[in-house]
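Working notes, structure below.
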Amino acid sequence: MTKNIKLKMARAEYDLSQAELAKRVGVSRQTIGLIELGKYNPSLNLCIAVCKALSKTLDDLFWDESN
Amino acid sequence: MGLLRKDKVKDERVINMQNKIYREISVLVAVICILSILVKMYVLGMGFKHTFTEYIIIFAQGIYFLIRTVNLGIFTDEVEIHDQQNKIPKRTKILIYSLAFGILFPLFLGVRSAILYGEGGWQSVETFFMVLAFSLMFYIPLAFVLLIFHELAKTHSDKAVEKVLDDPEEDDSNDEKY
């Protein structure tokens, strides 16, 4: 899996740390970190929760443009 | 040979359901072991040595779970999620519960000893305080041992988290902010 740079940039837009985003979404900091590094494949529910926390769409954050 | 061929397509829903079933199996095994211990000791009147295997199974499950969660860094996540959702941090809860046990259990032992072995009057009171004192000396430090154990597990788990989150392509490996 490739890194999720879009998620990191969206988080930076809101000036949120990984821990702060994790708290808003209801997961641990490690989970957010692993998603950004591309080392964890989040469930659809988690993807939606992250999108809502950052006011973005699934395409904005999780669409893999390399394909 | 169809029997030996591994399936190439892995359905995530099927895998998740299988994992859920494996989780239920581990709970079932623990329950069966506990029932076996109860039946052997209180119904059949067997001694501790006849329940050794069941104790090993129960403790081995718990110890394996603890070691794996610590080594994978999940222990850190569990504490973090708990602290997010509760007013009292996990560390404080462990201290409170273990101190409460460390005081209440000696009290129970003191009362039990006074009733079983006391001869009435001041002798019973003396037995109560003696058993209470010695039990407190043992069980209060145990509370702090549990806390130390928790801290050691958390520290080791934190290191595992940092190792997993370490991104070799970034200058700042601790990418907590951005």
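In what follows, chains carry the letters A, B, and so on, assigned in the order in which the sequence lines appear, proteins first and then strands, with residues in each chain numbered from 1.
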Measuring from [X]:[atom1] to [Y]:[atom2], what's the distance to the nearest 0.5 Å?
X     : Y     : atom1 : atom2 : value
B:H82 : A:S28 : NE2   : OG    : 15.0 Å
A:R24 : B:Q84 : CZ    : CD    : 12.5 Å
B:I81 : A:T31 : CD1   : OG1   : 7.0 Å

Flag if over 12 foreign heavy atoms under 6.0 Å of [atom1], [X]:
X     : atom1 : answer
B:E24 : CD    : yes
B:M46 : CE    : yes
B:I88 : CD1   : no
A:Y14 : OH    : yes
B:M41 : CE    : yes

(message) If we ignore hydrogens and angles and just use 3.5 Å, is the side chain of A:Q30 paired with the main-chain N or O of B:D77 as donor and acceptor?
(response) no
(request) Mark yes or no for whether A:K39, through its side chain, and B:V164, through its backbone, hold a donor-acceptor pair below 3.5 Å. (result) yes
(request) State, yes or no, whether a side-chain contact exists between B:V161 and A:R29 at a heavy-atom distance under 4.5 Å. (result) yes
